[in-house]
Amino acid sequence: MEKSIFEGLNNKQVEAVRATDGPVLVISGPGSGKTRCLTHRVAFLISQGIKPESILAITFTNKAANEIKERVSRLLEGEGKFHQPMLGTFHSVCLKILRREIGVLGYSPNFSVFDQDDQLSLVKRVMAGLELDPKKYNPRMVLNKISKLKTDLVFPENYNPTEFFPKIVSRVYNAYQSELKKMNGLDFDDLIVLTVKIFKQNPEILEKYQNFWKYILVDEYQDTSHDQYTLVKLLSAKHRNVFAIGDDAQSIYAFRDADIRNILNFQKDYPDAKVIFLEQNYRSTKNILAAAQNIISNNQTQVPKELWTENMKGEKIHIKETLNERAEAEFMVDKMDGLMEQNGYKIQDFTILYRTHAQSRAIEEALITRGFPYQIVGGIRFYERKEIKDILAYLRFMLNPTDLISFERIYNVPTRGIGKSTLEKITAIGGENLIEAVGTLAKEKGDSKQARSLTEFKNLLDDLSKKRKEKNLSSTIKYVIKRTNYEDYLQSLVAKKEMFDNAEDKMDNLKELLTVAKKYDMLKGEEGIEKFLEEIALLQETDKLKDAGDRITLMTIHSSKGLEFPVVFIAGMEEGLFPHSRATLAPSEMEEERRLCYVAITRAKDRLVITHAKYRNIFGQSQANLPSRFIGEMPQNILTIQPLFGNDYYEDDVIEY
DNA sequence: AAGACCGATGTTTTT
DNA sequence: CATCGGTCTT
């Protein structure tokens, strides 16, 4: 048993797996077997007689959580039946806690979870109520600031700024939070922040969880924010068995308040911490690793470490300058073609990474023209499409008839003759239940055309409320689509040219939604809806990556974290784009861009191709760009540079060992 | 209340 | 450029 758990691990990894008691920090370079280490540690803990359910492992993605789940099951095969440890992201773990405990904060356990879109509409609504001009104060900026305050655990009642703009923010923040509470809704930040709040205010609840989870593992520790850090600190305070693993050099989420200091200061927090470095890289060639290390060495803030690999030296890194983004895309397609033809690569061996989503378009066009299959991560996300969001809003509203945000989405979708002024009247009646408010207003209107629209709408909502208990999830969704005549509505949008996709595609998307929904059909009525909405709310981009499938994957560098590919293309390596122009001012931001570059490069196993365009269209205007400084930060002797014109480039570089 | 038209505005990155 | 929101017309 023990033997199989340590099989295939190097000494450092074994050390990290065996250090079961007390605080442990593992600094793990890219490709150093981090997931492997986490998995084996969980398996080892269980083999030592620790109850699986007393282990909490927080991962950065749901995908990693599933991977650990599967691998642990495999490692412990034949050990008899055992409970699963708690595995999940910060957000999903907190959601589970809150469904049980949120009562103490005066919310009810069937709360809705609002995504970023919803948050922004709420901020706008609140600002309108406070008569704040959205032109003067950008609602996005206000929301951003609110979110930062939340992650820093500053609650509205504790925020008393003196300066002008913060004072505005403070007013919005107060109103925003009380609106959320009124409609029994939580935003993403609340999931973490309110959990911390409960733990701080109710030591007996905290203690219950401390006793339950005696061993805590946190993945991607470098990307934790202050609230997440606090949560871990609280939960682990009693038993102090906290295992943090991560890589400061791969911290790329400062913009959403990740604080690299959490990992840098781990030893200050836990002076008795055992610190282990995983420096052997199993993923990349020597050249790729050298490029990554040379670049990152330009950063001041970092934990010193020396990565190494036994892999071969490999190909040189191919740098190509093209005339514009179209030529760039065509070059990449040609290059892939050549690699498949001459080197036996398969289409799923390739990934194209870029700094911003906007870059995907030119690349997609080239891929479509040449008939190359691809999948794209992020961008116009499936669950952000109008038709999906509409139907989900109906579901959400069925569960929580105080959910004003969802109501605003559906009250006139499909169009049913209820306009903005009528909406205002409904919300003015307000009350606990918006369905009742619709009914009340219908009665007030007597026998008008409006009254008929309202009554019809009320009947619809009543029918839906009834159905939510009777049917399983996929029938409920089908019923919503049918009862609202949603398909006709889509077709009318097409007819009016308000929508440029065809209605069939949209219906296909809804069918795909139904396929996902079928998973929840065995749960009864409301519970199915609830679990389904939860899954969707917390879903991440990379979760949707299909493993099999013969296609090229396109995504932002941020989305690529944790993944690896035989051949990586990095597009748009230009000053202003990467590093992004918004980041060139502060040194800390430039360092983050550099870490991002480090992440991008270290996704590659054997080949790396980097492109930069001389001219690029931005906002419809052609802009001339210089090659990225990061190209200059790589050791020049491992590069093959192919300039815009000229053929001083040879495909058959020598492979050295 | 709905549709048509126009000008402003924006793009990092995402749980 | 392309989407969004606001305003004007029907």
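Each chain gets a letter, A, B and so on, in the order the sequences are listed, and its residues count up from 1. Here the structure is a predicted model, which means the values were calculated and not measured.
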Could you tell me whether the phosphate oxygens of [N], OP1 or OP2, come under 4.0 Å of any side-chain nitrogen or oxygen in [X]?
{"X": "A:Arg140", "N": "B:dG10", "result": "no"}
{"X": "A:Thr415", "N": "B:dA1", "result": "no"}
{"X": "A:Arg355", "N": "B:dT11", "result": "no"}
{"X": "A:His357", "N": "B:dT14", "result": "yes"}
{"X": "A:Ser559", "N": "B:dT14", "result": "yes"}
{"X": "A:Lys561", "N": "B:dT14", "result": "no"}

> Under a 4.0 Å N-O cut-off, is there an ion pair linking A:Glu408 with A:Arg125?
Replying inline: yes
> Are any of the side-chain nitrogens in A:Asp117 or A:Lys389 under 4.0 Å away from the carboxylate oxygens of its partner?
Replying inline: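 Salt bridge: yes.
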Picking from [options], which would you name as closest to the side chain of [X]?
{"X": "A:Ala358", "options": "B:dT15, B:dT14, B:dT11", "answer": "B:dT11"}
{"X": "A:His558", "options": "B:dA1, B:dT14, B:dT15", "answer": "B:dT14"}
{"X": "A:Glu593", "options": "B:dT14, B:dT11, B:dT12", "answer": "B:dT12"}
{"X": "A:Thr356", "options": "B:dT13, C:dA2, B:dA1", "answer": "B:dT13"}
{"X": "A:Thr556", "options": "B:dT11, B:dT13, B:dT15", "answer": "B:dT13"}
{"X": "A:His580", "options": "B:dA1, B:dT12, C:dA2", "answer": "B:dT12"}

> Which comes earlier along DNA chain B counting from the 5' end, the contact point of A:Gly417 or that of A:Gln228, where each point is its nearest nucleotide?
Replying inline: A:Gly417
> For A:Ile418 and A:Leu596, take the nucleotide of DNA chain B holding the closest heavy atom to each; which residue's nucleotide lies nearer the 5' end?
Replying inline: A:Ile418
Write down the distance between [atom1] ([X]) and [atom2] ([N]), rounded to a whole number of angstrom.
{"X": "A:Met555", "N": "B:dT13", "atom1": "CE", "atom2": "P", "value": "15 Å"}
{"X": "A:Leu120", "N": "B:dT15", "atom1": "CG", "atom2": "C1'", "value": "17 Å"}
{"X": "A:Arg452", "N": "B:dA1", "atom1": "CZ", "atom2": "P", "value": "15 Å"}
{"X": "A:Ile557", "N": "B:dT14", "atom1": "CD1", "atom2": "P", "value": "11 Å"}
{"X": "A:Tyr598", "N": "B:dT13", "atom1": "OH", "atom2": "C1'", "value": "20 Å"}
{"X": "A:Leu231", "N": "B:dT15", "atom1": "CG", "atom2": "P", "value": "19 Å"}
{"X": "A:Asn144", "N": "B:dT11", "atom1": "CG", "atom2": "P", "value": "11 Å"}
{"X": "A:Asp223", "N": "B:dT13", "atom1": "CG", "atom2": "P", "value": "17 Å"}

Under the ring-ring contact (aromatic ring centres under 6.0 Å, His included) test, which residues partner [X], sequence neighbours left out?
{"X": "A:Phe578", "answer": "A:Phe630"}
{"X": "A:Tyr176", "answer": "none"}
{"X": "A:Phe155", "answer": "none"}

> Taking the C1' atom of each, how far is C:dG5 from B:dT12, in whole Å?
Replying inline: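 Looking at atom C1' only, C:dG5 and B:dT12 are 23 Å apart.
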> Among residues 243-260 of chain A, which contact DNA chain B at a heavy-atom distance under 4.0 Å?
Replying inline: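 Residues of residues 243-260 of chain A that come under 4.0 Å of DNA chain B are, in numerical order, A:Tyr253, A:Phe255, A:Arg256.
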> A:Phe532 ring centre to A:Lys519 NZ or CZ under 6.0 Å, with the angle to the axis within 45°?
Replying inline: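 No, A:Lys519 does not lie over the aromatic ring of A:Phe532.
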>> Categorize A:Arg595 for me: base, sugar-phosphate, or nothing, with a 4.0 angstrom heavy-atom threshold over every strand shown.
In response: nothing
> So what does A:Asn412 touch, heavy atoms closer than 4.0 Å: a base, only the sugar-phosphate, or nothing?
Replying inline: sugar-phosphate
> A:Arg409: what forms a salt bridge (Lys or Arg N to Asp or Glu O under 4.0 Å) with it, not counting sequence neighbours?
Replying inline: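 Once residues adjacent in sequence are excluded, the partners of A:Arg409 under the salt bridge (Lys or Arg N to Asp or Glu O under 4.0 Å) criterion are A:Asp390.
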>> The criterion is salt bridge (Lys or Arg N to Asp or Glu O under 4.0 Å); which residues satisfy it with A:Glu564, sequence neighbours excluded?
In response: A:Arg283, A:Lys605
> Does A:Phe60 have its ring centroid less than 6.0 Å away from the ring centroid of A:Tyr253?
Replying inline: yes
